[in-house]
Structures are given as structure tokens and as C-alpha cells.
> 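One structure follows; several queries about it will come next.
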Number of protein chains: 2
Amino acid sequence: MVRRSGRRPGNQDTKQSILEAARQVFAERGFDKASIRAIAGEAQVDPALVHHYFGTKEKLFLASMNSPVDPAEIIPQALAGPRDEAGERLVRLILGVWDSPAGTAAVALIRSAMSNEWTARLMREFIVTQVLRRAVAELGIDEEEAPVRAALVATQVAGLAVVRYVLKVEPVASAPAEQLVAAIGPSVQRYLTEDLPGVF
Amino acid sequence: MVRRSGRRPGNQDTKQSILEAARQVFAERGFDKASIRAIAGEAQVDPALVHHYFGTKEKLFLASMNSPVDPAEIIPQALAGPRDEAGERLVRLILGVWDSPAGTAAVALIRSAMSNEWTARLMREFIVTQVLRRAVAELGIDEEEAPVRAALVATQVAGLAVVRYVLKVEPVASAPAEQLVAAIGPSVQRYLTEDLPGVF
């Protein structure tokens, strides 16, 4: 990271420095091993200031990713309900976020993750620690199977986002959300909870 | 497109101009509506020279995409065989290409398509006209259902590529190919040939 030189006249500048430090430390160490202390050290500020501006490490991570939503809030909400419809609900949730005004930020995030190794690392940490880990916990999936199931879900969900919002392949690009929920939900369900012969 | 100025000393330079013109015309008009004549006009060369260097429009398209493989050769080969295992064979084929030395070029292509609107258009044309159209024809899929089925396959396959090769989410990133074939093949099969209630 290139350090800024000279004075930092206002809070915005300090916040920006903290966010840059956070991106660097999260990308280098991963979410679990990154600490507020290390991020504060990188930004050359007091750790208390990081807490003051951003709250928890999770909130700081979301801010550093420019995440338009907080998975801690929406994932449990989406997955509550009949277990055998969790796949459909997850697809519905994701389309709801991406089809909303917040989706623009999410598309920018995907584009950036594809072209930049560090953003890709952040995106991976985000998907694994913020989205999939919660989804797996919410559904009570076997701990040994969880990482594979979660990553398989990621293949389907990331591909849906890429094809609908980035590559814009028709008719998926302009299909009604519920048609995609019906088409893709069962694949996600299979990855989440069904038997996967040849895998486990 | 920024036109080059000055002399074009050798064939390489002319070929490069043709490739740049081809990218522009394919992205603007789509594969079907782009003509060798229009590409030659854009490159300010004789159409016969385009044919001389690149052969057919399809070959020129593959060259302009830096495609490491020719889908016309490998898709029919992959899909020949029992219809109810086509999904597995398609996933196996794709992993075979991406896991090979040619995969590096394919990863570069995906990265580029995500960050650049014009490359995204080219990628979409490539997926739709070169990969999916062939796959659908090979399997004799109903013409009305084919575009939806093909785009659904694209969501799963693009997502697999993104998660395994670009984001590198474990354990998918380093899973043996056959484990992924077993896990993801049935989803692709469903999109290709099975009933999709709520979609059709």
C-alpha cells in the first residue's frame, strides 16, 4: 500500500485510511486472522478509533468491501423456514439484492474481484466467512460436509450473478426473478442438503 | 477504436489490425450480424486478406477472443454418448480445458470480460453462439426451450470457472475434477434435459 503523506485534515481522510488498511490486512491475512489492532497499526491510528468509526470487525469488513447489505441480517432471514425450500429462498434473496438499487454496487464489486487479485481475495473471504458460513450454520449442515456444500452453492450463485448482471446473457438477463428461483433453486438445494454421490 | 497511424511494416501488424477490427465489430453487432466484409472495412484491408489470414468468420472470432480451444471440435465430442450423462461430460470437458495449460488464457479471458463491457459482449457472443448453440443442437433440445436451458447451463458453468479459477474458493479450487463432475454434472443435466417446473 502506498501511504499518504502530509496532513489528514478531516475524519473522512482518516476513515479512508482505515478502510484502505482494512482491505490490505483482510486480503493478506484473511478475515479470521485479521485483527482491528493490525488494521489500526497499518493505518497508523489508535485501535479505539477504528472501533469508534466502524464498530465490529465484521462491520469494518463490510465497509471495506462496500457491501450494499449486511449478510448477518439477511441470510438468517432468508433461510428461516422449511429446510427443503432453503435453496429457493437463497436464490430469491440474492436476486432481491442484485435486482435492487444496491445491485449496482454489487456488480461493481464482482467486476473488481475478477480483475484484481486482492479484491478477489477479499471477495472470497466475504463469500466464505460472511455468506456461506452463516448459511451453513443456519441450516445445521454437517461440519465436515459444510465447506464443500458451501463452495458448490457459491459456484451456482456466483455464476447466476455473472451471467445475469455482468455478461447479461439472455434470456437469464431479463427473466423474472421467480422463474430463476424455480430453475436454479433446486440446484442450490441439492448442494445444501441433498445426497451428493461421488462427493461424500 | 483508435486507428493506428503510419505504415504497417509487416503481416503481424495487419493481422493485429484485423483482430482489433474483428473485436470491435463482433462486440457491436454480435457474431451473427458481423460480416467479414464489415471487419475488413473497419481494418481498411481487402476482405480476401481476412479470409487468407483467418479462414472462416468462426475461426476469426475464436482468434479475436484468444480462445485456447475450438468449441466446434470439442463440444460435439464431449456431448456424444448417453444423453442422460451429457451434463457430466460437459463439466468434465470444461474442467479439462481449464485445468490444462490452455486454462491460463481462459482465466485471462474471464477476468477481462468482467471488467470491460466490450469484452463482456464478446464473451456473451462466444458463449451463446459457439458453446451453447452447439451443445443444444448436439442434444436435439426443443428450440423454444433451448435459449433458457443454454443460459441456465451458462450460470452453472461460468460460476464453476469463477469460483475454481478466479476467486479460488476452497475446497472447489483444488478439488479433483471428477469430484466436481459428480457434484455439478447433475445440475447441468437438469438444465439441459430435465423438466423445469415453473420455467416451462
Side-chain angles (χ1 to χ4, degrees), chain A residues 88 107-108 110-117 119-128 132 147-173 175-176 178-188 190-191 194 196-200, chain B residues 88 91 107-108 110-117 119-128 132 147-164 166-173 175-176 178-188 190-191 194 196-200:
Chain A
E88 291 193 0
V107 172
I110 280 222
R111 282 187 197 275
S112 167
M114 297 301 145
S115 57
N116 180 295
E117 173 69 20
T119 316
R121 288 196 195 189
L122 282 177
M123 175 70 103
R124 185 177 56 212
E125 285 299 307
F126 181 80
I127 293 172
V128 171
L132 298 178
V148 175
R149 291 188 181 278
L152 288 171
V153 170
T155 68
Q156 179 59 83
V157 164
L160 172 58
V162 162
V163 166
R164 182 169 169 91
Y165 303 104
V166 182
L167 297 181
K168 298 186 179 123
V169 176
E170 294 292 359
V172 162
E178 280 306 311
Q179 198 180 16
L180 296 173
V181 168
I184 291 173
S187 298
V188 173
R190 197 174 140 264
Y191 296 148
E194 292 174 23
L196 297 173
V199 180
F200 303 116
Chain B
E88 291 193 2
V91 174
V107 171
I110 279 223
R111 282 187 198 276
S112 167
M114 298 300 143
S115 57
N116 180 295
E117 172 69 22
T119 316
R121 290 194 194 188
L122 282 178
M123 174 70 102
R124 184 177 54 212
E125 286 297 307
F126 182 79
I127 293 172
V128 171
L132 298 178
V148 174
R149 292 188 181 278
L152 288 172
V153 170
T155 69
Q156 178 60 84
V157 164
L160 172 58
V162 162
V163 165
R164 181 168 168 94
V166 182
L167 297 181
K168 298 185 181 123
V169 176
E170 292 294 357
V172 162
E178 280 306 311
Q179 198 180 14
L180 296 172
V181 168
I184 290 173
S187 299
V188 173
R190 201 176 137 263
Y191 296 147
E194 291 174 23
L196 297 174
V199 180
F200 303 115

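A note on names: the letters A, B, ... follow the listed sequences, proteins ahead of strands, and every chain is numbered from 1.
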> For chain A, find which of B/Ser112, B/Ala108, B/Gly198, B/Ala150 contributes the most heavy-atom pairs closer than 4.5 angstrom.
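Option with the top pair count is B/Gly198.
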
> Regarding A/Ser187 and B/Gln156, do their side chains bring together a donor and an acceptor under 3.5 Å, going by distance alone?
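No, because no side-chain N or O of A/Ser187 sits under 3.5 Å from a partner of the opposite role on B/Gln156.
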
> At a heavy-atom distance under 4.5 Å, which candidate from B/Val107, B/Leu160, B/Leu196 has the highest pair count against chain A?
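With the most close heavy-atom pairs to chain A, the winner is B/Leu160.
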
> Please look at A/Pro147 and chain B and tell me whether the side chain, the backbone, both or neither of the residue comes under 4.5 angstrom of a heavy atom of that chain.
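Both backbone and side chain.
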
> Looking at B/Thr155, B/Val181, B/Ile184, which one has more heavy-atom pairs under 4.5 Å with chain A than the rest?
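Looking at each of B/Thr155, B/Val181, B/Ile184 in turn, B/Thr155 comes out on top.
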
> What part of A/Val162 lies closer than 4.5 angstrom to a heavy atom of chain B: side chain, backbone, both or neither?
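A/Val162 touches chain B through side-chain heavy atoms alone.
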
> Search all heavy atoms of B/Ala151 against all heavy atoms of A/Val169 and return the closest pair with its distance.
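That would be CB-CG1, 4.1 Å.
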
> Is the shortest heavy-atom distance from the side chain of A/Arg111 to the side chain of B/Arg111 under 4.5 Å?
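No; the side chains remain at least 4.5 Å from each other.
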
> Quick one: what part of B/Ile127 sits under 4.5 Å from any heavy atom of chain A, side chain, backbone, both or neither?
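Looking at B/Ile127, just its side chain touches chain A.
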
> Write down the atom of A/Pro186, the atom of B/Arg190, and the distance for their closest heavy-atom approach.
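Distance-wise, the nearest heavy atoms are CG-NH2, 3.3 Å.
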
> Is B/Pro171 in contact with chain A via its backbone, its side chain, both, or neither, using a 4.5 Å heavy-atom distance?
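Interface part for B/Pro171: both.
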
> Between A/Val163, A/Leu167, A/Val172, who has the most heavy-atom pairs with chain B when the cutoff is under 4.5 Å?
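Result: the option with the highest number of such pairs is A/Leu167.
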
> Can you say whether A/Tyr191 sits under 4.5 Å from chain B via the side chain, the backbone, both, or neither, judging by heavy atoms?
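The answer is the side chain of A/Tyr191.
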
> Applying a criterion of heavy atom separation less than 4.5 Å, what residues of residues 119-126 of chain A form contacts with chain B?
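Within residues 119-126 of chain A, the residues that come under 4.5 Å of chain B (heavy atoms only) are A/Ala120, A/Met123, A/Arg124.
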
> Where on A/Val128 is there a heavy atom nearer than 4.5 Å to chain B: the side chain, the backbone, both, or neither?
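Just the side chain, heavy atoms under 4.5 Å.
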
